[in-house]
Structure formats: C-alpha cells, structure tokens
**Student:** 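Got a structure for you, questions after.
Per chain, numbering begins at 1; letters A, B, ... match sequence-line order.
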Amino acid sequence: MMQAIAWVTFLEGLRNKAVYGITLLAGLMMAFTVVLCGMIMRDVGKVATDFTLSSATFAALLVVLFVGVSSIARDMERKTLYLALSRAVPRWRYLLGRFAGLALLQAAIILLLLGASLLTLVLVRQLYGSFFGSVSFGLVCLAHLFVLLQMVLLTALSVLFSLVASSSFVTFLLTTLSWLIGSSTQAAKQLVENATTEQTAPAIKLLVQAAYYLFPNFSLFDLKTAAAYGLALSPARLGFGLLYGVGYSVAALSLAILLFNRKELT
Amino acid sequence: MIHLDQVSKTFQLAPGKRVTAVQGLSLSVSRGEVFGCIGPNGAGKSTTIKLLLDLIRPDSGSITINGLPTADESSRAAVGYLPESPYIYDFLTAHEYLRYAGRLSGLPAAVISTRSGELLAKLKLEQAADRRISGYSKGMQQRTAIAAALIHNPDLVVLDEPMSGLDPLGRKLVFDLIAELKERGKTVFISSHVLTDIERLCDRVGIIVQGRLWHEGRVAELTMPLEELFLQTVAEAGLDEVK
C-alpha cells in the first residue's frame with residue numbers, strides 16, 4: 001500500500017506542468033552555460049561545473065517549493081487522503097508513501113539534470129578544451145547525488161511543516177526560510193565566531209549559533225568547488241554528509257509522523 | 001457490526017468558542033443491515049461518519065467495527081467509504097484511480113482489473129475510463145468515487161450523500177448498486193437528505209439532530225411518512241428553523 005501511495009505521488013509530480021517548466025528552465029540555463037563559456041574563455045571547466053550544478057540545485061529547489069510543498073497540504077485541504085486513511089492504511093504509511101513519492105520525483109529530475117549537466121560539460125570541453133581545466137566528472141555525479149540528498153532533506157522538512165502550518169502558503173514560507181537559513185548559517189557562524197565583541201553583539205552571536213544548530217546545514221551538501229577543481233574528498237567527509245542528511249530527514253519525518261497520528265482530519 | 005456507545009465530540013472553532021457536534025450518541029448497526037442516518041444540516045451526520053473511520057477521535061465514548069476499536073486501522077480492512085463530496089486525484093484516469101484504490105486494500109492486479117471492469121460497466125463509466133478525471137462531470141466523479149469505495153468488495157459500506165451531484169440516470173445506477181449490496185448481505189450505512197431513497201433502501205433509520213440521536217427504528221414499522229417523522233423530530237428537538 002505504501003508503494004501505491006508513492007507511485008501516485010510520483011505520477012502527480014510527473015503530470016504537473018510546473019515540473020516540465022522547471023526542467024526546461026534548467027535545461028535552458030545549462031545551454032546558456034555553453035554560450036557563457038565561449039564569452040569567458042578562461043577556467044571554463046569550473047564555470048560550466050558551477051553553472052550546471054547551480055542550475056540543477058535551483059531546479060530541484062523549485063520542485064520542492066512548488067510541487068512538494070503543496071502535495072500533502074493539498075491532500076489535507078481537498079481531503080483526497082480520505083481514500084487511503086478510511087482503509088486499513090496506518091497514517092505513518094500514508095505519510096512515508098507520500099514522502100517516498102516526492103523523493104522519487106526528485107531523483108528522476110536530478111537524474112535527468114545530471115544527464116544534461118554531463119552533456120553540457122562534454123560540449124564545453126569539446127569546444128573550449130584548452131581552457132577546460134581539471135573537472136572531475138565522477139565528482140560532478142557525486143555532487144548531483146548530494147543535491148538530491150539536500151532536496152530529500154528539504155522535502156522531509158516540508159512534510160513536517162505541512163502538518164503544523166495552517167495553509168500551503170505558510171508551509172512554502174517555512175520551507176523557503178529553512179533553505180535560506182540552512183544555506184547561510186555555516187558562513188554566518190564562522191563570521192560571528194571570528195569577530196570580536198565590538199564587531200558583533202553577543203545576542204547576535206547566540207542567535208546565529210542557535211540557527212546553526214537548529215536548522216540543517218545545507219552547505220554540507222555543496223560539492224561544487226570540489227567537483228569544479230577536481231579536489232579529493234575524504235570518505236569520512238562524504239560519509240558524514242550522507243549520515244547527516246539521512247539522520248536529519250529521519251528526525252523530521254519521525255516528528256511529522258507523531259504529529260500526523262494526533263491530527264484531526266476534519 | 002458497528003457499535004457507537006455514548007460518543008461525544010466537541011470542536012474548538014476559536015478561543016472560547018466551542019461547538020458540540022455529537023453528544024452521547026449511541027447506536028448499533030447489525031451485520032447485513034442497511035441503516036439510514038438522516039438529520040438537518042449540521043446535525044452531526046458527517047462527524048459521526050468521520051468518528052467511525054478514525055479521521056477524527058471522540059472526546060468520550062467508544063466506537064467499534066466488528067468488535068475492533070476504530071483506533072485500530074485493521075477495523076477498516078473491509079470498509080468502503082464514499083465521502084460527502086468526491087475527493088479524487090483528478091490527474092488520474094478512472095482506471096488508474098481504481099487501481100490505486102485496489103492496491104490500498106492489497107488486492108492483486110488481476111482482481112483489480114476484473115472488479116474495476118465490472119464496476120465501471122455498472123456505473124456507465126467504461127467509455128471515459130481512460131480519460132483524466134479532471135475532465136469528468138460532477139456526476140461522473142461521484143460515480144468514480146463510488147466505484148473506488150467498492151473495488152475491494154467491502155463488508156461494510158459507508159456512504160455519505162451518495163446521490164449528491166447525480167442526474168436521474170446516475171441516481172438510478174447508484175440506487176440499484178446499493179440495492180444489490182443489500183441483496184448480497186452487505187452492511188450499508190447511508191447518510192442522505194433524500195428521504196425517499198432512505199425509505200426504499202434502508203432497514204432501519206436514525207434521526208440525528210444537534211448531535212443527538214432523537215429517533216431510531218425500523219423503516220417497516222414507521223407509522224407516518226419519513227419526511228413527516230423527520231420534521232416532527234426536528235421540531236421536538238427544538239430546532240428554531242422548523243418551529
């Protein structure tokens with residue numbers, strides 16, 4: 001029954017016109033990369049890697065915000081979840097099924113965008129080989145995997161927020177806020193910890209540190225620089241990122257299940 | 001099959017504003033019985049159904065289906081539910097929606113295929129079965145939802161306003177379907193405003209007004225038309241609109 005729920009969720013995403021628009025946008029951004037590299041003619045490998053990975057991340061983020069965020073909220077608003085919950089489907093199975101469907105959708109889109117990214121990089125290398133540099137295609141693939149992990153974590157958070165928010169718009173705001181804060185807390189924390197008391201008020205320092213520990217650190221999943229320069233990444237670093245993403249997602253989903261089990265579906 | 005015992009439910013609408021939707025409700029529906037639940041708008045009929053299906057939880061009292069508490073999801077293994085308005089994934093076709101409904105109940109693909117073919121034929125949806133539900137009329141969506149409620153051949157069928165949005169042909173199709181369920185010994189719980197259908201289909205009827213069960217009895221033993229009994233009961237309950 002969970003597979004059935006996941007499959008319907010995946011189909012819902014595939015049949016959403018917004019997904020095609022977003023994927024097309026990402027494709028166009030990658031195509032533009034080839035043109036941009038022709039204008040720069042320097043470190044084109046790094047530029048192309050940065051651009052393609054940023055396009056993939058941006059597209060995946062849009063899918064979470066415009067497709068994933070409304071998925072469960074809309075189910076509750078329109079009461080389409082009544083069919084599943086009026087059967088012998090435990091609420092946790094329904095929720096995990098919806099999450100699995102959204103994760104599968106993200107995986108399909110990122111796989112497609114990985115193909116587009118690799119094609120773009122191959123094209124750029126063909127056209128501007130002498131300026132390409134040492135881009136690691138293996139790391140580009142790994143970087144896309146970590147983008148997927150990042151978005152799966154953000155999806156888990158959006159599932160949690162959809163159970164506490166009063167509307168899908170509030171879920172959208174909370175998810176966007178989590179992304180913005182989570183993407184900048186590492187840099188902000190380093191900044192405030194290195195600053196003196198005259199430069200940063202203790203209250204601000206405390207707030208930034210609290211945000212760092214409360215919100216997920218999305219910077220951990222950013223492998224753009226390593227992929228662009230072909231830098232070696234330690235298995236420990238990768239392993240930690242993987243465990244962090246999975247662990248945080250499990251925590252968010254566990255809390256979501258607890259809340260959903262208690263929720264009155266009026 | 002269904003047993004509600006002193007069930008109460010109050011909703012908090014706003015700080016300091018509470019509404020009692022159901023109070024001290026006790027009723028039983030035996031296996032193979034068709035029970036009609038009627039009442040004015042806001043009486044608590046849909047709330048009673050949602051309590052039965054564990055979509056909401058009672059503040060007090062107990063509810064069981066086949067002796068199992070409704071908090072146990074296995075109590076709903078053989079339950080088919082049609083909500084008050086059809087809540088359907090409109091990006092699916094009828095075939096896909098019925099496949100989904102069947103898989104939720106763990107039916108094998110071959111059984112789903114056979115059952116969906118039969119139900120779509122009975123509900124005159126075969127021609128449209130491969131079109132997206134978003135292009136269906138309200139009546140077609142209602143009939144698709146009914147098919148989804150019955151795909152797994154449930155022993156207990158809960159229908160909340162099954163005739164809603166249906167034209168006369170649709171009403172006849174659904175009426176015949178419910179009559180067939182009755183003949184096959186299924187237990188049916190119907191909430192409806194169409195009193196003539198309740199009189200023709202149901203074995204017993206219960207009248208709920210302002211969250212309480214004011215009348216319960218066999219349809220065959222009614223001494224007046226059901227509409228007259230309904231209005232009389234509502235007046236006894238002190239509902240201002242009727243007085």
**Student:** Check step by step if side-chain contact (heavy atoms from CB on, under 4.5 Å) holds for A:M1 and B:R103.
**Tutor:** CA-CA 6 Å; A:M1 46 178 79; B:R103 285 179 68 192; over 6 Å; no

**Student:** At what distance, to the nearest 0.5 angstrom, does OG1 of A:T80 lie from OH of B:Y87?
**Tutor:**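 Output value for this atom pair is 10.0 Å.
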
**Student:** When the side chains of residues 126-135 of chain B are checked against the rest of the protein, which donor-acceptor pairs come out under 3.5 Å, sequence neighbours left out?
**Tutor:**
unit_1, atom_1, unit_2, atom_2, d
B:D130, OD1, B:H95, ND1, 2.8
B:R132, NE, B:F91, O, 3.3

**Student:** If you draw a 6.0 Å radius around CZ in A:F58, do more than 12 non-hydrogen atoms from other residues or ligands fall strictly inside?
**Tutor:** no

**Student:** For chain B, which residues from residues 63-78 of chain A have at least one heavy atom closer than 4.5 Å to it?
**Tutor:**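 Counting heavy atoms that sit under 4.5 Å from chain B, the residues of residues 63-78 of chain A involved are A:D75, A:R78.
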
**Student:** Quick check: do A:Y82 and B:L53 have side-chain heavy atoms less than 4.5 Å from each other?
**Tutor:**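 Not in contact.
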
**Student:** Can you name the closest pair of heavy atoms from A:R87 and B:I151 and give their distance?
**Tutor:**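 Shortest heavy-atom contact: NH2-CG2, 4.2 Å.
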
**Student:** List the steps and the verdict of salt bridge (Lys or Arg N to Asp or Glu O under 4.0 Å) for A:R15 and B:E96.
**Tutor:** CA-CA 13 Å; A:R15 293 180 183 179; B:E96 289 170 339; 2.8 Å; yes

**Student:** Go through the atoms of B:A145 and report whether side chain, backbone, both or neither lie under 4.5 Å from a heavy atom of chain A.
**Tutor:**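 Contact with chain A is absent: no heavy atom of B:A145 under 4.5 Å.
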
**Student:** Run B:Y100 and A:I5 through side-chain contact (heavy atoms from CB on, under 4.5 Å) and show every step you take.
**Tutor:** CA-CA 8 Å; B:Y100 170 61; A:I5 297 167; 3.9 Å; yes

**Student:** Does anything in residues 7-14 of chain A get under 4.5 Å of chain B by heavy atoms, and if so which residues?
**Tutor:** A:W7, A:V8, A:L11, A:E12

**Student:** Tell me whether A:F51 at atom CZ has more than 12 heavy atoms from other residues, nucleotides or ligands lying less than 6.0 Å away.
**Tutor:**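 Incorrect, the count does not exceed 12.
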
**Student:** Taking every non-hydrogen pair under 4.5 Å, which of A:K263, A:R91, A:R262 racks up the most with chain B?
**Tutor:** A:R91

**Student:** Can you confirm whether A:E264 sits close enough to B:L55 that some side-chain heavy atom of one is under 4.5 Å from a side-chain heavy atom of the other?
**Tutor:**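 No, too far: nothing below the 4.5 Å cut-off.
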
**Student:** Between A:V89, A:T266, A:N16, who has the most heavy-atom pairs with chain B when the cutoff is under 4.5 Å?
**Tutor:**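 Highest number of heavy-atom pairs under 4.5 Å: A:T266.
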
**Student:** Say you draw a straight line from CG of B:L52 to OG of A:S86; how long is it, rounded to the nearest 0.5 Å?
**Tutor:** 10.5 Å

**Student:** Taking all heavy atoms of A:L83 and all of B:A148, pick out the closest pair and write down the distance.
**Tutor:**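 It is CD1-CB, 4.3 Å.
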
**Student:** Quick check: under 4.5 Å, non-hydrogen atoms only, which of residues 63-77 of chain B neighbour chain A?
**Tutor:**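 So the qualifying residues are B:E73, B:S74, B:R76, B:A77.
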
**Student:** Which of the residues B:P154, B:S105, B:G102 is involved in the greatest number of heavy-atom pairs with chain A at under 4.5 angstrom?
**Tutor:** B:S105

**Student:** Nearest 0.5 Å please: distance from the OH atom of B:Y81 over to the CG atom of A:L85.
**Tutor:**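 Atom-to-atom, B:Y81:OH and A:L85:CG are 11.0 Å apart.
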
